[in-house]
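Below is one structure, written out as structure tokens; comments come after it.
For ligands, and for the atoms within them, numbers begin at 1 and follow the listed sequence.
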Amino acid sequence: MTETRIPLAGVIGSPIAHSRSPQLHRHWLGTYGIRGFYIPMDVTRDNLERVVRSLPLMGFVGVNVTVPHKEDAMDIADKITDRATLIGATNTLVFREDGTIHADNTDGYGFLENLRNGAPTWDPQAGPAVVLGAGGAARAVIAALSDAGVREIILTNRTRARAERLRDDFGQRVRVVDWVQAGNVLEDAALVVNTTSLGMSGQPDLRVPLDGLQKGTVVTDLVYSPLRTRLLTVAEQAGCITVDGLGMLLHQAVPAFERWFGHRPTVDEATREAALR
Ligand code: ATR
């Protein structure tokens, strides 16, 4: 008698206790009555490759990858999707039955889905997108915005050289302005995205002058703890359309869940509540 294996998935990072992914995936497993497990795993850099290679042997169908392994995990993969290559990082590994490991990056997808759901009237061609920050998250956001057809991306970062590196990778669509000038470019923006960690609980607030924000501009923050950051609160008062960052986390998980567990999950209010639990 052959017994079907119960699929296992999880998330690897360090630290990992704060990750919302286990609540999220377990919520979907329960909602759809799927027999499966999703496990958070604290993995050090030294052990990354050994752990990843042993997971398929134990019945894992894939894992999410988070800080600080998003770049290093690329080296272990046998195949890397174009979008993960462009971003230079992976957040999703799929362990295939033929023994190969495929790396994808769904962060940009999650970002766009969240934006399209939260601000359905946003038109990528309506005007420039201002991106604050030039780290790994900004890379995924810029890739997604380019894909969506945004013609001009104004990028600003405390460390200008990092923004310039991103511009070099993404080409003429990206214009770099000094961090101290960030407040001056908000006026013309159709979209403003905070990709920095500023505003997150325990971090300093984003202190960019926000009085240039115009009514109708779409403003989104990748920070979701707290859900209503100072940026979103001020933007709302200015009549902007605001989209919080939790939806990006939820939507980036959809393609992974579908690949691993064979069911495309829905993101709704119950999903948000489950992720916040
Ligand atoms: P992630 O992968 O989440 O983007 P990261 O690569 O560490 O994380 O990038 C963090 C971003 O937040 C960077 O744009 C960083 O600016 P620098 O490139 O100048 O470091 C930005 N950031 C973090 N703390 C900041 C602060 N106190 N003031 C301004 N920007 C800050």
Side-chain angles (χ1 to χ4, degrees), residues 11-21 45 48 64-74 83-92 103-112 114-115 129-146 153-170 174-186 191-210 219-227 229-232 234 243-253:
V11 55
I12 53 175
S14 191
I16 202 64
H18 67 282
S19 172
R20 304 254 168 214
S21 294
R45 191 164 265 148
L48 179 67
N64 286 125
V65 182
T66 188
V67 178
H69 302 316
K70 287 182 151 192
E71 285 89 17
D72 292 345
M74 299 272 277
R83 57 189 181 181
T85 303
L86 186 62
I87 297 166
T90 177
N91 70 340
T92 305
D104 192 9
N105 193 314
T106 64
D107 283 336
Y109 165 84
F111 168 75
L112 267 191
N114 186 37
L115 195 56
V130 172
V131 175
L132 307 170
R139 215 166 240 283
V141 165
I142 291 173
L145 291 176
S146 302
I153 297 167
I154 302 172
L155 177 60
T156 180
N157 192 49
R158 176 181 59 176
T159 311
R160 188 180 165 107
R162 232 177 152 191
E164 286 173 347
R165 266 203 301 280
L166 265 180
R167 180 200 51 204
D168 294 346
D169 289 351
F170 284 94
V174 180
R175 177 159 69 90
V176 174
V177 303
D178 275 338
W179 184 242
V180 288
Q181 299 294 325
N184 301 341
V185 289
L186 298 180
L191 171 71
V192 176
V193 187
N194 175 40
T195 74
T196 75
S197 47
L198 296 170
M200 195 184 287
S201 322
Q203 299 289 320
D205 251 334
L206 178 70
R207 282 291 160 203
V208 167
L210 299 172
V219 179
T220 184
D221 204 327
L222 267 48
V223 170
Y224 59 81
S225 176
L227 273 180
T229 57
R230 174 178 168 268
L231 170 64
L232 295 189
V234 173
V243 183
D244 71 51
L246 182 63
M248 177 174 169
L249 171 82
L250 309 182
H251 285 286
Q252 62 80 34

Can you tell which of D205, N157, T196 gets a heavy atom nearest to atom 14 (O) of ligand 1? N157

How does [X] reach ligand 1, by side chain, by backbone, by both or by neither, if only non-hydrogen atoms under 4.0 Å count?
{"X": "L198", "result": "side chain"}
{"X": "A137", "result": "both"}
{"X": "R158", "result": "both"}

Does any non-hydrogen side-chain atom of [Y] lie less than 4.5 Å from one of [X]?
{"X": "W179", "Y": "L132", "answer": "yes"}
{"X": "Q181", "Y": "T156", "answer": "no"}
{"X": "V223", "Y": "Q203", "answer": "no"}

Take T229 and D221 through the side-chain hydrogen bond (donor to acceptor under 3.5 Å, both in side chains) test and state the conclusion after the steps. CA-CA 8 Å; T229 57; D221 204 327; 2.7 Å; yes

I need the nearest protein heavy-atom contact for [atom]: residue, atom name and distance, please.
{"atom": "atom 9 (O) of ligand 1", "result": "G135 CA, 3.6 Å"}
{"atom": "atom 10 (C) of ligand 1", "result": "R162 NH1, 4.5 Å"}
{"atom": "atom 23 (C) of ligand 1", "result": "S197 OG, 3.4 Å"}
{"atom": "atom 17 (P) of ligand 1", "result": "T159 OG1, 3.4 Å"}

N or O contact, A134 vs ligand 1, cut-off under 3.5 Å: yes

For the 3.5 Å polar cut-off, considering only N or O atoms, please tell me whether G136 and ligand 1 meet it. yes

Going from CG on N105 to OG1 on T92, what distance comes out if it is rounded to the nearest 0.5 angstrom? 7.0 Å

Between CZ of R165 and CG of N157, what distance do you get to the nearest 0.5 Å? 9.5 Å

Quick check against the 3.5 Å criterion: does N91 have a side-chain atom that pairs as donor or acceptor with the backbone of T106? yes

Which heavy atom in A163 sits nearest to a heavy atom in L155, and how many Å separate them? O-CD2, 3.5 Å

G133 heavy atoms within 4.0 Å reach ligand 1 at atoms 14 (O)

